[in-house]
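Structure, as structure tokens:
Hydrogens, waters and symmetry mates play no part in the numbers below; they use all other heavy atoms, side chains included. For reference, positions follow the sequence shown, starting with 1.
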Amino acid sequence: MQRAAIILCLLALAAPAGAQDDWGDDVGFGEGGDDAAFDFEVPDTATEAPPPPSDWSLIGFARSDVGLWVERFDDNPFAKARQSLDLQFDWANAGWRVRVAQQAAWDAAYLYERDTYDDATIRDYELRFIGGEQFVAYAAGPVEVTLGRQIVAWGEGDVLSPLDVVNPRDLREPGLADLDDLRLSVLASRVGVFFGAHRFEVMGIHEAYYGERPPPRAPFSPFASVIGGDPTVAMLLAGKSFDYAHDPERFDLEGQEVLGRWVYKGPGLDAGLHVAWVRDDQGVVVLPTGLALLAQDHIDVRLEHRRYLTGGLSAATAFGDWVLKWEVAGELDRAYNSGDVSAAIPMLDVDEIDTVTAMAGATWRGVTDLTVGVEAQRGIVVDGPDDLLFPVDAPIGALRVSYVALRERLMLAGAATAFGLSAQYGWLARGEATWELTQGLDVGVGYVHYGASEEGKFGPFAGFDDHDRAFAKVRWDFVIH
């Protein structure tokens with residue numbers, strides 16, 4: 001019974017109009033003729049000054065994303081049929097700046113075989129309204145104050161960044177979301193002071209928001225594959241529903257966080273010093289009792305999000321066709337699960353450990369229209385137990401390649417990420433082609449493959465044995481002034 005509970009909780013973590021030709025004078029009228037014979041009026045060629053730029057703008061995009069389960073095609077091929085609209089309103093005048101962004105998304109895939117999805121999965125995937133940045137900012141001289149929901153990127157890494165701790169992530173579809181969609185806004189107050197190339201910033205976060213993740217029985221949760229592979233666990237958990245219970249809750253005074261940084265952006269060098277006292281978005285599992293597993297039809301998987309202190313340095317520099325970037329971050333008293341699930345009486349504990357994590361990356365643009373980026377990250381446990389369930393010192397690697405062709409109308413992109421020196425904790429690879437039909441209207445197709453973590457390894461892709469997905473999308477971008 002206790003072993004089943006441990007397995008459960010561990011894996012819960014783990015058409016606009018096209019451009020028209022301008023005919024103008026190309027028709028040839030007036031060439032070689034006598035204008036006076038026709039008594040034409042000569043227009044005033046003096047031009048008026050262009051109107052001043054508008055104080056406001058409304059930008060947005062509408063997307064249609066369709067995905068198919070390649071290896072589950074006979075059972076239920078419909079992985080995704082999401083229609084979404086993103087809008088962002090901006091206004092700026094006399095030092096004031098206002099932004100309001102919002103996304104609305106509806107996924108029709110959950111209308112098909114609806115009974116195969118639990119309530120938590122339908123709630124988190126089918127119809128969602130997710131707020132973007134929604135803030136008011138005022139700048140007076142070198143000082144700027146920003147209040148409201150904000151997205152602030154820390155560090156220099158594009159895929160891997162141990163210092164990027166400000167915003168939670170949308171992890172409902174690992175490896176499928178665009179980088180711009182990953183960060184989620186948080187309610188915060190921020191004060192920045194500028195001195196030439198230097199910026200000093202202090203920030204307070206006022207909500208305990210831990211991002212979006214797959215519910216325990218969602219398709220991208222490893223929980224479902226565990227049930228199917230272990231008859232004992234399947235018998236214990238048949239007919240029960242599961243969800244996450246976060247501690248502290250989202251709007252709790254105990255969820256306040258404090259962050260500060262110094263950033264330098266000068267000729268040939270970007271650098272930063274960061275420090276933060278935050279709560280861990282990932283959280284640690286607190287086991288339900290065996291009695292709860294047997295007696296309750298609905299079970300909350302409790303995740304404790306404890307505070308820890310983190311800080312470090314980041315830098316980036318460019319020379320020739322290369323951009324080099326790196327980060328070093330230290331963490332004090334960050335909580336991780338530890339224990340031995342293979343023992344006769346499995347044990348699961350929570351330990352607070354100290355780590356140092358380094359990331360190094362390079363981007364190369366030595367060939368016209370080709371960009372290649374690589375990043376690598378590894379942690380060192382300074383003070384902690386030897387039986388961590390997921391080794392935080394496991395190396396992580398990421399590769400990104402993109403190529404544009406046909407006058408920048410065709411974009412070919414590929415990406416891969418691996419956890420562990422031999423990818424023993426899982427890996428993924430994604431390829432995509434995007435074609436610009438006309439200005440603002442793009443179509444794309446792609447494929448993502450998941451390599452599940454090895455048996456007995458608790459990686460982020462545990463149980464991803466049949467999760468390969470083919471996808472297609474259409475996107476229309478527009479701007480209104």
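Of all the heavy atoms in P219 and H467, the pair that sits closest is O-NE2, 2.9 Å.
Both tests pass for R172 against the ring of Y125: distance under 6.0 Å to the centre and angle within 45° of the axis. Judged by the 6.0 Å distance and 45° axis criteria, R250 is positioned over the aromatic ring of Y209. Figure legend: cation-pi geometry between R63 and W476 absent, as NZ or CZ is not positioned both under 6.0 Å from the six-membered ring centre and within 45° of its axis.
Aromatic ring pairs are classed by plane angle as parallel below 30°, tilted from 30° to 60° and perpendicular above 60°; the pair F390 and Y425 is perpendicular. Using a 30° and 60° split on the angle between ring planes, Y244 and H246 fall in the tilted class, from 30° to 60°. Aromatic ring pairs are classed by plane angle as parallel below 30°, tilted from 30° to 60° and perpendicular above 60°; the pair H198 and F200 is parallel.
One side chain, S64 or Q83, offers a donor N or O that lies under 3.5 Å from an acceptor on the other. With 3.5 Å as the limit, one finds no donor-acceptor pair spanning the side chains of Q134 and S185.
Remark: D164 engages R169 in a salt bridge, criterion side-chain N to carboxylate O under 4.0 Å. Salt-bridge check for K473 with D65: failed, with every basic side-chain N at 4.0 Å or more from each acidic carboxylate O.
Between Y110 and F78, the ring center distance fails the sub-6.0 Å criterion. Note: Y308 and Y336 fail the aromatic proximity criterion, with ring centroids not under 6.0 Å apart. For Y450 and W69, the gap between ring centers reaches or exceeds 6.0 Å.
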Dump the intermediate steps for side chain to side chain donor-acceptor pair (under 3.5 Å) on S161 and E327, then the final yes or no.
-> CA-CA 7 Å; S161 176; E327 299 179 19; 2.9 Å; yes
